[in-house]
Protein chains: 2
Amino acid sequence: MDFHKKLREKGLKATPQRLLILNIIKEGGHIDIEDIYNKLKKIIPSISIATIYKNLKLLVDKGIIKDVNISSFKQMYEVNTKEHIHLICKKCRKIYDLDFGEIDIKNFIEKKIDDKIDKIEINVFFLCEKCK
Amino acid sequence: MDFHKKLREKGLKATPQRLLILNIIKEGGHIDIEDIYNKLKKIIPSISIATIYKNLKLLVDKGIIKDVNISSFKQMYEVNTKEHIHLICKKCRKIYDLDFGEIDIKNFIEKKIDDKIDKIEINVFFLCEKCK
DNA sequence: CTTATTGCAAAGGTTTTGCATCGCT
DNA sequence: AGCGATGCAAAACCTTTGCAATAAG
């Protein structure tokens, strides 16, 4: 995952702030603005929250990251990889990713609605093994 | 859909404000706070936005309404009926509901993850007939 | 060197809170 | 009559904006 290259391909400058934001999101898996800001402040204490807001919006627009919307959670971000399902434990609130490849759900729904799907968001709430 | 009864069953008072909020959400299908406020102001000009915030939170807690989270949309609300899929036209942004009954998707995913699902949110982005 | 990006501070918007009053049951 | 709900105004919180200074390419 060469973020520097990815940014340049989209015509964006690869600033330290941007690269750090991307790495923090990647490490966090699913992370919200506040957590990104707190982690970044430890590395660049002068970082401005405005820089983070601006970058998150820009990175979503350029398709480098995705925003994650799950009811009862704050807005979160994830690095844009393959489409996947979010499995959310209703008890510990940990979020697990499950690849679409493993389950051909997009295809399944396309057949059902007899139309082409552009994008699909699936959030499944369950009780994870640890919490059982 | 007797909202008065539903509220009393949950131990809530059936105030005019509350009943109107519920009816506005029902009519709107999927509606955000701002739109609820504007519609309500025409009926009760003295309505306070705080009342709406308090009620929406309460009604979600009590399971009378559901919050709808779709990326790039504002937080919206809908009356809690059956579980369903949201089909969202990427062009006109109209939201269509599709019953789970019609497509046995919950079952499909439960089999795939070999576990029981509590709740599932599915948002599908497509191009509706009118926009084609 | 040029132009995008950053950090700051202020503005703008949204949501919550506390409290006195009101009204459903 | 009692207690929950409302409306108000202030506070708290969150996000955006404009701009001068900075740094990436």
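Scope of the values below: all heavy atoms of this structure, side chains included, with no hydrogens, waters or symmetry mates. In what follows, chains are A, B, ... by sequence order, proteins preceding strands, each numbered from 1. The structure displayed is predicted, hence computed values, not measured ones.
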- Item | Min side-chain heavy-atom separation B:Ile64-B:Lys10 under 4.5 Å | yes
- Query: Taking 4.0 angstrom as the limit, do B:Lys74 and B:Glu34 come out as a salt bridge?
  - Reply: yes
- Query: If you pin B:Glu34 and A:Gly11 to their nearest nucleotides in DNA chain C, which one's is more 5'?
  - Reply: A:Gly11
N/O to N/O distances under 3.5 Å, protein versus nucleotides 21-25 of chain D:
from	atom 1	to	atom 2	distance (Å)
D:dA24	N3	A:Lys13	NZ	3.2
D:dG25	OP1	A:Ala14	N	3.0
D:dG25	O3'	A:Arg8	NH2	3.2

- Answer yes or no: are there more than 12 heavy-atom neighbours, outside A:Lys111 itself, under 6.0 Å from its atom NZ? no
- Which parts of nucleotides 7-12 of chain C does protein reach within less than 4.0 Å, heavy atoms only, written one letter per nucleotide 5' to 3' as B for base, S for sugar-phosphate only and - for none? BB----
- Query: Passes side-chain hydrogen bond (donor to acceptor under 3.5 Å, both in side chains), B:Glu121 versus B:His84? Steps please.
  - Reply: CA-CA 8 Å; B:Glu121 299 173 341; B:His84 56 267; over 6 Å; no
- Item | Atom-to-atom span, OH of A:Tyr53 to P of D:dT17 - whole angstrom | 13 Å
- Message: Between B:His4 and B:Glu9, is there a side-chain donor-acceptor contact under 3.5 Å, judged purely by atom types and distance?
- Response: no
- Query: Does some side-chain heavy atom of A:Val68 sit less than 4.5 Å from a side-chain heavy atom of A:Tyr77?
  - Reply: no
- To the nearest Å, how far apart are B:Leu7 CG and D:dG4 P? 16 Å
- Over how many whole Å does the gap from B:Gln75 atom CD to C:dT16 atom P extend? 10 Å
- Query: A:Ile95 versus A:Leu87: any side-chain heavy-atom pair under 4.5 Å?
  - Reply: no
- Note on the structure: CD1 (B:Ile44) and NZ (B:Lys39) are apart, to the nearest 0.5 Å, by 15.0 Å
- Measure from CG on B:Leu56 to P on D:dA5 and round the result to the nearest Å. 14 Å
- Query: Rounding to a whole Å, what distance do you find between A:Asp32:CG and D:dT15:P?
  - Reply: 10 Å
- Query: Between A:Asn69 and B:Asn123, is any pair of side-chain heavy atoms under 4.5 Å apart?
  - Reply: no
- Query: In whole Å, what is the span from the CG atom of A:Leu58 to the C1' atom of C:dT6?
  - Reply: 13 Å
- Could you tell me the separation between the CG atom of A:Leu59 and the C1' atom of C:dT5, rounded to a whole number of Å? 12 Å
- Item | Pair A:Asp115 + B:Lys132: basic N to acidic O under 4.0 Å | yes
- Task: Taking the side chain as every heavy atom from C-beta outward, state whether A:Gln17 and A:Ile47 have any pair of such atoms under 4.5 Å apart.
- Result: yes
- One would report the end-axis bend of the helix from C:dC1-D:dG25 to C:dT25-D:dA1, five pairs per end and rounded to 10 degrees, as 50°
- Message: Using whole Å, what does the distance between atom C1' of nucleotide D:dA5 and atom NZ of B:Lys57 come to?
- Response: 16 Å
